[in-house]
Amino acid sequence: MSMKFKRLLPIPKEIRAEMPLSDEMTARKADFDAQVAAVLTGRDSRRLLIIGPCSADREDSVLDYVTRLAKLAERVSDKLVVIPRVYTNKPRTKGTGYKGLLHNPNPEAADDMLGGVKAIRHMHLRVVEETGLFTADEMLYPTNYQYLIDLLAYIAVGARSVENQEHRLVASGVPMPVGMKNPTGGSTDVMLNSIYAAQQPQTFIFRNWEVATTGNPLAHAVLRGYVGLDGINYPNYHYEYLERLAEKYTASSFENPAVIIDCNHDNSGKRPFQQIRICHEVMDSVHRSEAIGRLVRGFMVESYLVDGNQPVGGGTYGQSITDACIGWEKTERLVLEIAERS
């Protein structure tokens, strides 16, 4: 057993300088970040929609998808603030399989980590520059987020990572909203503790530096369901759960209480078409309860060009190689329906 140090990679600042964001889009991002913050704090009555493929596996189909999404986002801009999922880091329950574009930029050179860093930066950069939409990704590896810090409008901390101390501390110092998912075991208290930790000022060691953070007032909850000890999926988007959560997750203990409903994963039992029904049920709850209406600030939906999923290397353009997604026709219909009901 050993760890081989193969080579020293460029620091994020050097990669950003080599592959810069344009001045125009840098200026536009400040305005977009302000809009997202206004939604999460309740100053803007619109809702967030974080939507896109389970994994951003190839640049051409992802750019095709987000180009369509940008046109749709413009149509619903009075009701929704849309952020495309460009997820280039994928957690694996057993540590094997497709780990995202960062690890697999080239099937023939799967261990080319410098190529992976440049590939994920290139994909996010093209999406931003060519569509005008700023992106979301999962902070699976906290030391890597700075490669994309100027491009991301939203970061998620996944169910497997939300109990990790480093994820919580780094989340307290990033300059964008962080959605803290409920853990795989479903504990509400663990999720709320993670949000609380991310909202506090912290001091810790990061990339060989002693760093101090201000705390992240936009850290918030993402409900994604869970699997019980009996192996059965248990959703946590129903009215009763949201009602109880609203009683615990309050402004007296947390800054800007907010919830994003992840409509796939264990909420849908990985049945992607159920995402449509889940969105509508949550909108029903929002309209029935003032407390739920204040708390639920948006949705996360897994969507791509083609319904379903396929094995890695399956060859179907625009179809997920990880979790199954809804295709474009269903996506367009759902987005318009959410906007109409918002």
Side-chain angles (χ1 to χ4, degrees), residues 32-33 35-42 44 46-56 80-91 134-142 145 148-149 151-164 166-184 186-188 190-200 215-226 236-237 241-242 245 249 254-267 275 278-279 282 294-303 323:
F32 187 77
D33 288 346
Q35 293 182 52
V36 175
V39 173
L40 288 171
T41 58
D44 188 327
R46 292 181 294 175
R47 286 188 164 78
L48 293 183
L49 180 60
I50 302 134
I51 186 169
C54 175
S55 56
L80 301 172
V81 176
V82 176
I83 303 175
R85 285 173 53 106
V86 182
Y87 275 35
T88 54
N89 307 275
K90 296 303 297 180
F134 297 94
T135 54
D137 205 339
E138 179 173 345
M139 189 170 69
L140 184 57
Y141 310 102
Y145 86 91
L148 303 172
I149 190 173
L151 308 175
L152 295 175
Y154 188 92
I155 286 177
V157 172
R160 300 168 185 82
S161 304
V162 74
E163 297 184 67
N164 180 274
E166 186 178 28
H167 284 79
R168 294 178 174 190
L169 298 181
V170 173
S172 74
V174 300
M176 69 282 291
V178 179
M180 313 293 280
K181 291 197 173 186
N182 63 265
T184 53
S187 171
T188 302
V190 167
M191 177 184 68
L192 292 179
N193 288 341
S194 299
I195 295 167
Y196 186 85
Q199 292 188 346
Q200 308 311 305
N216 188 340
L218 298 179
H220 60 277
V222 179
L223 302 182
R224 48 90 74 200
Y226 62 98
N236 56 9
Y237 62 84
Y241 183 91
L242 295 173
L245 182 59
Y249 185 21
F254 299 88
E255 294 187 71
N256 309 309
V259 166
I260 300 296
I261 305 295
D262 179 346
C263 299
N264 212 14
H265 298 101
D266 290 323
N267 268 333
Q275 295 182 105
I278 291 167
C279 285
V282 173
R294 285 195 305 269
L295 191 62
V296 174
R297 302 311 311 158
F299 298 94
M300 187 176 289
V301 173
E302 291 195 322
S303 151
D323 288 351

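Here the shortest heavy-atom pairing between Val190 and Pro183 reads CG1-CG, 3.7 Å. Across every non-hydrogen atom of Asp266 and Gly225, the tightest pair is CB-C, 3.4 Å. Among all heavy-atom pairs drawn from Ala219 and Ile195, the shortest one is O-CG2, 3.6 Å. Here the closest non-hydrogen pair linking Ser161 and Leu140 is OG-CD1, 4.1 Å. In plain terms, the two heavy atoms of Ala153 and Met176 that are nearest each other are O-CB, 4.0 Å. The nearest pair of heavy atoms linking Ala159 to Arg224 is CB-NE, 3.6 Å.
Residues Asp323 and His265 are in side-chain contact: their nearest non-hydrogen atoms beyond the backbone lie under 4.5 Å apart. For the pair Val259 and Leu295, the minimum side-chain heavy-atom distance is below 4.5 Å. Residues Val36 and Leu218 form no side-chain contact, since every pair of their non-hydrogen atoms from C-beta on lies 4.5 Å or further apart. Tyr87 has its side chain within reach of Asp137: a pair of non-hydrogen atoms, C-beta onward, lies under 4.5 Å apart. Side chains of Val170 and Val178 form no contact here, defined as non-hydrogen atoms less than 4.5 Å apart. Within the 4.5 Å cutoff, the side chain of Ile50 has no heavy atoms near those of the Val222 side chain. Using a 4.5 Å cut-off on side-chain heavy atoms (C-beta onward), Val301 and Cys279 make contact. Residues Leu48 and Arg297 form no side-chain contact, since every pair of their non-hydrogen atoms from C-beta on lies 4.5 Å or further apart.
The distance from atom CZ of Phe299 to atom CD1 of Ile261, rounded to the nearest 0.5 Å, is 7.0 Å. Put simply, CE on Met180 and CD1 on Ile155 are 10.5 Å apart, with the number rounded to the nearest 0.5 Å. Note: Gln35 CD to Asp44 CG = 7.5 Å, rounded to the nearest 0.5 Å. Note that CG of Leu192 is 6.0 Å distant from CG of Leu245, once rounded to the nearest 0.5 Å.
The backbone N or O of Ser55 lies less than 3.5 Å from no partner atom in the side chain of Arg85, so there is not a single donor-acceptor pair. Under the 3.5 Å distance criterion, the side-chain polar atoms of Asn216 are left unmatched by any main-chain donor or acceptor of Ala198. A donor-acceptor pair under 3.5 Å links the side-chain atoms of Arg168 to the main chain of Val162, judged by distance alone. Side chain of His167 to backbone of Met139: a donor-acceptor contact under 3.5 angstrom is found. Here the side chain of Asn267 pairs a donor or acceptor atom with the backbone of Asp262 at under 3.5 angstrom. Panel note: side chain Gln199, backbone Glu255; a donor-acceptor pair is recorded below 3.5 Å.
Remark: Arg47 engages no residue in a side-chain hydrogen bond (donor to acceptor under 3.5 Å, both in side chains) (not counting sequence neighbours). The side-chain hydrogen bond (donor to acceptor under 3.5 Å, both in side chains) check on Asn182 picks up Asn236, with sequence neighbours excluded.
Side-chain atoms of Thr188 and Tyr249 form no donor-acceptor pair, as typed in the model, at a separation below 3.5 Å.
Lys181 pairs with exactly one of Arg160, Met300, Met191, Glu138 by the side chain to side chain contact (heavy atoms under 4.5 Å, CB included) rule, that one being Met300.
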**Report entry** Worked check of side chain to side chain contact (heavy atoms under 4.5 Å, CB included) between Ile83 and Phe32
**Finding:** CA-CA 10 Å; Ile83 303 175; Phe32 187 77; 3.9 Å; yes

